[in-house]
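Only one structure is covered here, and it is reproduced in the block below.
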Amino acid sequence: MQLNRPDLLQTNAFINGQFVKANSGATFEVHNPFDHELLAEVADCGKAETEEAIQHAQDAFKIWNGYRAAKRSRILRRWYELQLEHVDDLARILTLEQGKPFTEAKGEIKYGASFVEWFAEEAKRVYGDTIPAQTTDKRIVVIKQAVGVCAAITPWNFPNAMITRKVAPALAAGCTVVIKPAELTPLSALALGVLAREAGMPDGVLNIVTTNDAETVGKVLTTHPTVKKISFTGSTEVGKILMKQASSTVKKVSLELGGNAPFIVFKDADIDAAIEGAIASKYRNAGQTCICTNRFFAHADVYDEFVKKLTKASADLTVGNGLEKGTDIGPMVEEDAVKSVEELLKDAKSKGATVKTGGSRANDAADTLLFPPTVLADATSEMDLFRTEIFGPIAAVLKFESEEEVIKMANDTPYGLAAYFYGNDYAQIWRVAETLEYGMVAINTGSISTAAAPFGGVKESGFGREGSKYGIEEYLNIKYLCWGL
Ligand code: SIN
């Protein structure tokens, strides 16, 4: 791998400030999803290394939490600057292990770094409270304290940003962290470890346990009594297991789980703007994003126009090697991901969906993970893709007649992460925004992600918020001091 800073490519786990092999010496392979090339053999850690990392994080907590907030803030700020200084290398590593186009990968590195910048500032703004007491002989004071050692279990779809979004607020609050990155994309995480050390983060403050045995390491992280908080981004299915395990020691938990985002186009919407938003919200990361649109709903009066324009805009996108200029959509992450998209397509077609563009692997090559943007017209709520998180580049468009009908369909899911809609009637905009059962609602825009806003869901999409002034609260305990006079 050609990097300006070759040392950013690490293959061993990062524990107590050192890159270390697994105790057994075992490794697992990391491949480029575009051409299946072997990129690295990474330390395959288990229970013992995870417990060691937790112990080091606990020892480091005494030091890190003892620092002035301004000192933690300065180290985080330096970490942020280093990420931007090395944005090209970090993006290259990300594209190679995950597949997304290089410009999109650069966007992710900047997005990821923005959480570090944001929480470097927030570190200095952990305010307490005073509360008027009910009797004259008491004073009530509220202080906030770091929860302690935190665990972050992060996904492959954002190998950088989902780490910084969890770790930056934790570190800002004074917590220390053990990260378990996804087995498909551990290299981006390890590169962050290199830069954390360079930024002056003391040993043990940030630990990265690489593993191919997510179940074992996840179990240790969610049941170890020293770990006080677990933050997970991934599927609802796994989130439920982790939550159950975390209950054994009553840990604080944040879960950012699956989604089933509706994208509603009302009849008075600006259709061209809606198409722009649709492309942004559907095909980001080849459709492999929790907040990607899952179901498009277009009003009957504009249905044909919307489908026609969406088909044209989708067909114009270039699918290919993320490292090549001009690529809009990279490969999907692995064979199972493509198979699951193929299953959903097969089901939809058998129930009457019409393929307007795309519909099978690029060049019909059996061994490629490239899947072109696929637009399906005549979609209905009977199709599996109505209830399943597609996590791929399929845009299925349903038709609706009334606001009441579309809201009912949009909310007809156990998920509640992100929702999008386009319209111009202000009364309707407020009504719909308030009625959608989602943690995040995008109105006349297809992009909602920013460090300044609270990211998170309701219902089975999880709980807890990442980013914004709320994000740091997840890593703090409230303590009430009652002073008798
Ligand atoms: C996700 O897929 O969960 C993250 C998307 C984002 O932060 O924009």
Side-chain angles (χ1 to χ4, degrees), residues 83 91 94 98-101 103-119 152-169 179-182 184-185 188-189 192 231-239 242 254-263 277-294 329-330 332-334 337 340 388-393 415-420 438-442 445-468 470-471 474:
Q83 288 171 43
L94 204 161
Q98 201 272 340
K100 69 179 65 173
T103 28
E104 198 176 329
K106 264 176 102 160
E108 178 179 340
I109 302 300
K110 289 180 191 164
Y111 175 50
S114 74
F115 288 100
V116 183
E117 181 189 35
W118 180 271
F119 286 108
I153 301 182
T154 57
W156 52 261
N157 63 343
F158 287 84
N160 171 290
M162 294 306 101
I163 290 180
T164 55
R165 189 155 86 180
K166 296 179 188 318
V167 167
I179 304 163
K180 189 212 82 62
L184 293 171
T185 57
S188 295
L192 283 172
S231 179
F232 169 71
T233 294
S235 71
T236 295
E237 191 191 350
V238 174
L242 297 177
S254 304
L255 299 172
E256 199 258 275
L257 308 176
N260 186 356
F263 186 113
I279 296 292
S281 79
K282 178 66 243 184
Y283 298 122
R284 183 171 171 222
N285 197 19
Q288 303 170 113
T289 299
C290 305
I291 56 170
C292 272
T293 295
N294 215 56
I329 300 185
M332 296 191 68
V333 75
E334 58 180 345
S340 129
T388 314
E389 189 175 25
I390 299 170
F391 237 60
Y415 296 110
L417 193 57
Y420 305 81
Y438 290 83
M440 298 173 282
V441 178
T445 176
S447 324
I448 52 170
S449 305
T450 161
F455 192 104
V458 296
K459 295 160 76 178
E460 292 192 25
S461 288
F463 50 82
R465 291 295 177 267
E466 297 188 313
S468 80
Y470 303 104
E474 305 284 334

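Start at 1 and go down the list; that is how both ligands and their atoms are numbered.
- When all heavy atoms of K100 and N285 are compared, the closest pair comes out as CE-OD1, 3.4 Å.
- To the nearest 0.5 angstrom, N160 atom CG is 5.0 Å from L192 atom CG.
- With sequence neighbours excluded, the residues forming a side-chain contact (heavy atoms from CB on, under 4.5 Å) with L257 are F232, T236, L255, listed by chain and number.
- Partners of Y111 by ring pair (Phe, Tyr, Trp, His ring centres under 6.0 Å), not counting sequence neighbours, listed by chain and number: F115.
- Here salt bridge (Lys or Arg N to Asp or Glu O under 4.0 Å) pairs that include residues 448-459, with residues two or more places apart or in two chains, are E437-K459.
- For ligand 1, the 4.0 Å heavy-atom shell contains residues Y111, N157, F158, M162, R165, E256, R284, T289, C290, I291, S449, F455.
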- Pair K166-E466, salt bridge (charged side-chain N to carboxylate O under 4.0 Å, His left out): steps then yes or no: CA-CA 7 Å; K166 296 179 188 318; E466 297 188 313; 2.7 Å; yes
